[in-house]
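Per chain, numbering begins at 1; letters A, B, ... match sequence-line order.
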Amino acid sequence: MSEDKKTPLLDELEKGPWPSFVTDMKKLAEKKPAVKDVLDQLELSYAEKKGHWKHGGIVGVTGYGGGVIGRYSDKPEEFPNVAEFHTMRINQPSGWFYTTDALRDILKTWDKFGSGLTNMHGATGDIILLGTTTQNLQPAFNEFSEKGWDLGGSGSDLRSPSCCVGPARCENACIDTLDICYNLTQEFQDELHRPMWPYKFKIKVSGCANDCVASVARADFSIVGTWRDTLNIDQAEVRAYANNGYDIKGMVVEKCPSNALEWDGKTLSIKSEECVRCMHCINKMPKALSVGQEKGATILIGGKATILKSAFLSWVLVPFMKMEPPYDEVKDLLRKIWEWWDENGKMRERVGELIYRKGMRVFLRDIGLDPVPQMVAAPRANPYFFWWPEEINK
Amino acid sequence: MSEDLRAKVIEYLGKVDKTKTRDMADNLKEKKSDVDKIVKELAKEGKVEFLYIGTSYVKLVK
Amino acid sequence: MPKTDLGPPNYEQFLPPVIKENYGSWKYHEIVKPGVLKHVAKSGDVLYSVRVGSARLLSMDKILEYCDIADKYCGGYLRFTSRHNVEFLVSDEKNVEPLLNELKEKGLPVGGTGNSLKNIIHTQGWVHCHSAATDASGIVKAVMDEIYDYYTSMTLPAPLKISLACCLNMCGAVHCSDIAILGIHRTLPKINHEMVQKQCEIPTLIASCPTGAIKPNPKLKSVEVNPEKCMYCGNCFTMCPSMPIADPDNDGVALLVGGKVSNARTGPMFSRLAVPYLPNNPPRWPEVVDAIKNLIDVWAANARPGERYGEWIDRIGWESFFKLTGLPFTDKHIDDFIFSVPSFRSTTNFKW
């Protein structure tokens, strides 16, 4: 039956220069009936302007509470091959590096047990495998596990941490983002696979303030590489930029947010104490400028998208932390934060929302951190502050 | 001690369709982290499974 | 029993030799041409990365095609970026041009570097999501077709990052994008009272509403929704499938602008509302495509070199933004959620 269906609306998306997911899926549909049904159901959605998927139901693999998302067609009679069409999240390697052998191996298993459709990658960072049946979940997982791959997070648990390309290919990396990401993921396997918290918790690791994995916007716990001393200037290379006609004054010096740079036509100088390490000048003159020597990370907390109480950008929690293996300091901090959040959080309350509800002062005291001015854009403008009992004369 | 709690958790799960571990810990008057530890053990043994409806629930495998 | 809690494989085994040898010892990089990065190590070693835009929704055969290419030119090494690009990692300079030729032949777009349009990050949409207010892959395809040349060139004032999330859950976290495309609902959830009783925990459902719009209805053992408080976020539907909120006649797309995530010059910024509603008009969403084209053209014509979308608006002011783009300013643009007041103008300094 289903092979008779046409997809005139989707066919319109085969035109144009950008790669067409429709063309790609149509080819796959020739050997995968489920993909044919996805296309036909999508055609119906395009005609009706409405989705046709349902969520819910228990799907998963033994011992895990995350990593599989249940998905069912709401028109199983019409599209029987996608009556069950669940997602498997496979935890990605740090930095999304692959050998073709590894990718082929993953795809072999996915061809055997699933639709052959993927997302490279999901918003959190996992390899997303779209579309398999309830029955195939456990055997697919068994084979992935055999090959050395594991599921990522989903539900109210630690989501798969992710990181930028870091020292593997970036001169700006102030920390070993790939190792930190790998090490934390390995350390917190239980938190990642067995959801027990009020809601999700995301960790993202960026090597510098350019924040290529959007950790401040998208992670509850953002680790952003930085340095404490002075950035390096290679004056010969600076002059080379100038000799090539580059507008150092206009494009670099005048755009420095803290007016820390001076250029006299021969020498570029920096007032180190004024520098906020925003990366602008380094981005503009990568051959001449580079990050400092005393490297570590700024830890920020609370970032999230809008649902529920507005979007938050992570805010500074620890202005500078050394990041060296085995990363005990950051692990201890994470454990303290989780314990506090788990004890005090309401259902579906992200850690940032809980801190907003309870107040930073309570949070800082409970996890044992001292307040510092780097945590705020400005001090409060109202007089509604609290005192701890021991601060009051008896 | 933890054998006792394990029995209490299993008994509790037997009485409800599904539960959040927060609610189970409150009703059992136990620390949430202790209850969670037991639930994780049971999950690894394949005796408990997870359900996600906006937040995560646990239930006994039937 | 399979092994559990393995975690991901160690990334080291997937790094090409030139990276292993120069790990943490890169000196600088340059953009040789759009889509081609050249990284130079302190040792003098060189790595070329050729960036190719993908649709994110990929068949295994498309990935196998990438693998074949990487075997031919990259010794079998490739990576993906956080924005759904594939990067072919070329250690031998001689392979760069033949690789580019083959990519061109295959119609795979090379670009997304420097002052270019980056690949659009997006969510599942109607292809695989239960709560989508719009499709994702279809709009992205239509938009990228129209502004394709900005991906393959570097002619914009600054990088341009566009993101799409097909509902307010924002799996694509679009809230800090230069241009955000956001699927929205505009009508109340339709309550299936009988099923609410069966499927949902009523206290949990009531607590799920960020504006307190859901009240118990003891007579029906269900709930009711206050139309004056509901702002159609759909969180109740996430908690309770018996509160469907999809409405084909009214769902559609909002556009927000001016966000960024990098700290360069200015800190991260939220995107802010530019266009409150455009209809869902599949298969190619012409209203959305035209609106985005206009937003980009006005910025490209007016921003100073190096100015990101939000930095440009900060300099000229929002009143000038609405004037230049010709977009109407409506009551929808004025915040009335919990952090609204700081967004009101408390100075007499403004433009006409």
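A heavy-atom distance below 4.5 Å is not found between the side chains of C:Pro282 and A:Leu9. Within the 4.5 Å cutoff, the side chain of C:Pro268 has no heavy atoms near those of the A:Asp211 side chain. Residues C:Pro109 and A:Pro19 have side chains in contact (heavy-atom distance under 4.5 Å, counting atoms from C-beta outward). Using a 4.5 Å heavy-atom threshold, the side chains of C:Phe14 and A:Ser94 count as separate. Within the 4.5 Å cutoff, the side chain of A:Trp18 has no heavy atoms near those of the C:Val143 side chain. Within the 4.5 Å cutoff, side-chain heavy atoms of C:Asp5 are placed close to those of A:Tyr64. Side-chain contact check for C:Pro241 versus A:Lys54: every heavy-atom pair is 4.5 Å or farther apart. Looking only at side-chain heavy atoms (C-beta outward), A:Lys49 and C:Trp126 come within less than 4.5 Å of each other.
Listed for the A:Asn210 side chain is no donor-acceptor partner under 3.5 Å among the backbone atoms of C:Ser262. Between the A:Arg348 side chain and the C:Ser208 main chain, no donor and acceptor come within less than 3.5 Å of each other. When atom types are taken as modelled, the side chain of A:Arg169 and the backbone of C:His39 share no donor-acceptor pair closer than 3.5 angstrom. Of the possible polar contacts, none joining the C:Arg265 side chain to the A:His280 backbone as a donor-acceptor pair under 3.5 Å is found. Side-chain N or O atoms of C:His128 include one that pairs as donor or acceptor with a backbone N or O of A:Phe85 at under 3.5 Å. One N or O on the side chain of C:Lys141 and one on the backbone of A:Lys15 form a donor-acceptor pair closer than 3.5 Å. Judged purely by atom type and a 3.5 angstrom limit, C:Trp26 uses its side chain to pair as donor or acceptor with the backbone of A:Ala168. In terms of modelled atom types and a separation under 3.5 Å, the side chain of C:His29 and the main chain of A:Cys170 share no donor-acceptor contact. Within the 3.5 Å criterion, the main-chain N or O of C:Leu58 finds a donor-acceptor partner in the side chain of A:Thr118.
Separating the OG1 atom in A:Thr306 from the CG atom in C:Leu168 is a distance of 6.0 Å, to the nearest 0.5 Å. In this structure, the separation between NZ on A:Lys204 and OG on C:Ser82 is 8.5 Å, given to the nearest 0.5 Å. To the nearest 0.5 Å, atoms CD1 (C:Ile19) and CZ (A:Phe97) are separated by 4.0 Å. Note that the CZ atom of C:Arg284 and the OH atom of A:Tyr46 stand 9.5 Å from one another [nearest 0.5 Å]. Going from atom OG of A:Ser290 over to atom OH of C:Tyr28 covers 13.0 Å, rounded to the nearest 0.5 Å. Rounding to the nearest 0.5 angstrom, the gap separating the CG atom in A:Leu130 from the OG atom in C:Ser59 is 11.5 Å.
With a 4.5 angstrom heavy-atom cutoff, A:Cys212 touches chain C only via backbone atoms. If you measure heavy-atom distances from C:Glu87 to chain A, the contacts under 4.5 Å come from the side chain alone. For A:Gln186, the part lying near chain C is the side chain, with the backbone staying farther off; criterion is any non-hydrogen pair under 4.5 Å. Contacts between C:Phe339 and chain A at a heavy-atom distance below 4.5 Å involve the side chain alone, from C-beta outward. Contact of C:Phe337 with chain A is made through the side chain alone, with heavy-atom distances under 4.5 Å. Using a 4.5 Å cut-off between heavy atoms, A:Val61 makes no contact with chain C at all. Contacts between A:Ile106 and chain C at a heavy-atom distance below 4.5 Å are absent for every atom of the residue. With a threshold of 4.5 angstrom between heavy atoms, A:Tyr356 approaches chain C through side-chain atoms but not through N, CA, C or O. Neither the backbone nor the side chain of A:Asp11 comes within contact range of chain C; no heavy atom of the residue lies under 4.5 Å from a heavy atom of that chain. Residue contact with chain A, scored on non-hydrogen atoms closer than 4.5 Å, is absent for C:Asp249. The contact between A:Thr87 and chain C is made by backbone and side chain atoms together, counting heavy-atom distances below 4.5 Å. Contacts between C:Glu12 and chain A at a heavy-atom distance below 4.5 Å are absent for every atom of the residue. In this structure, chain C has no heavy atom under 4.5 Å from any part of A:Lys26. Within the 4.5 angstrom heavy-atom criterion, no atom of A:Gln41 approaches chain C. If you measure heavy-atom distances from A:Ala214 to chain C, the contacts under 4.5 Å come from both the backbone and the side chain. The part of A:Met347 that comes within reach of chain C is its side chain, from C-beta onward, which places non-hydrogen atoms under 4.5 angstrom from that chain. Contacts between A:His121 and chain C at a heavy-atom distance below 4.5 Å involve backbone atoms as well as side-chain atoms. Interface remark: A:Asn119 contributes backbone and side-chain atoms alike to the contact with chain C (heavy atom separation under 4.5 Å). With a 4.5 Å cut-off on non-hydrogen atoms, A:Thr99 touches chain C through its backbone and its side chain both.
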I would like to know whether A:Leu28 and C:Met60 meet side chain to side chain contact (heavy atoms under 4.5 Å, CB included); could you show each step before the answer? CA-CA 8 Å; A:Leu28 188 61; C:Met60 57 185 196; 4.1 Å; yes

Give the C-alpha distance, both sets of side-chain angles, the deciding distance and a yes or no for salt bridge (charged side-chain N to carboxylate O under 4.0 Å, His left out) between A:Arg104 and C:Asp68. CA-CA 10 Å; A:Arg104 287 178 203 279; C:Asp68 289 341; 3.0 Å; yes

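Of all the listed residues (C:Lys27, C:Lys260, C:His175, C:His122), the one sharing the greatest number of non-hydrogen pairs under 4.5 Å with chain A is C:His175. In terms of heavy-atom pairs under 4.5 angstrom with chain A, the leader among C:Asp61, C:Thr152, C:Ile338, C:Asp71 is C:Asp71.
With ring centers used as reference points, A:Tyr98 lies 6.0 Å or more from C:Tyr66.
Residue A:Lys147 qualifies as enclosed at atom NZ: its count of foreign heavy atoms under 6.0 Å is above 12.
Summarising the geometry of C:Pro2 relative to A:Gln138, their closest heavy-atom pair is CG-NE2, 3.9 Å, with the distance given to 0.1 Å. When all heavy atoms of A:Asp24 and C:Leu57 are compared, the pair lying nearest together is OD2-O, 4.0 Å.
Under the rule for a ring pair (Phe, Tyr, Trp, His ring centres under 6.0 Å), A:Trp110 has no partner lying at least two apart in sequence or in another chain.
Within residues 131-140 of chain C, the residues having any heavy atom under 4.5 Å from a heavy atom of chain A are, by residue number, C:Asp135, C:Ser137, C:Gly138.
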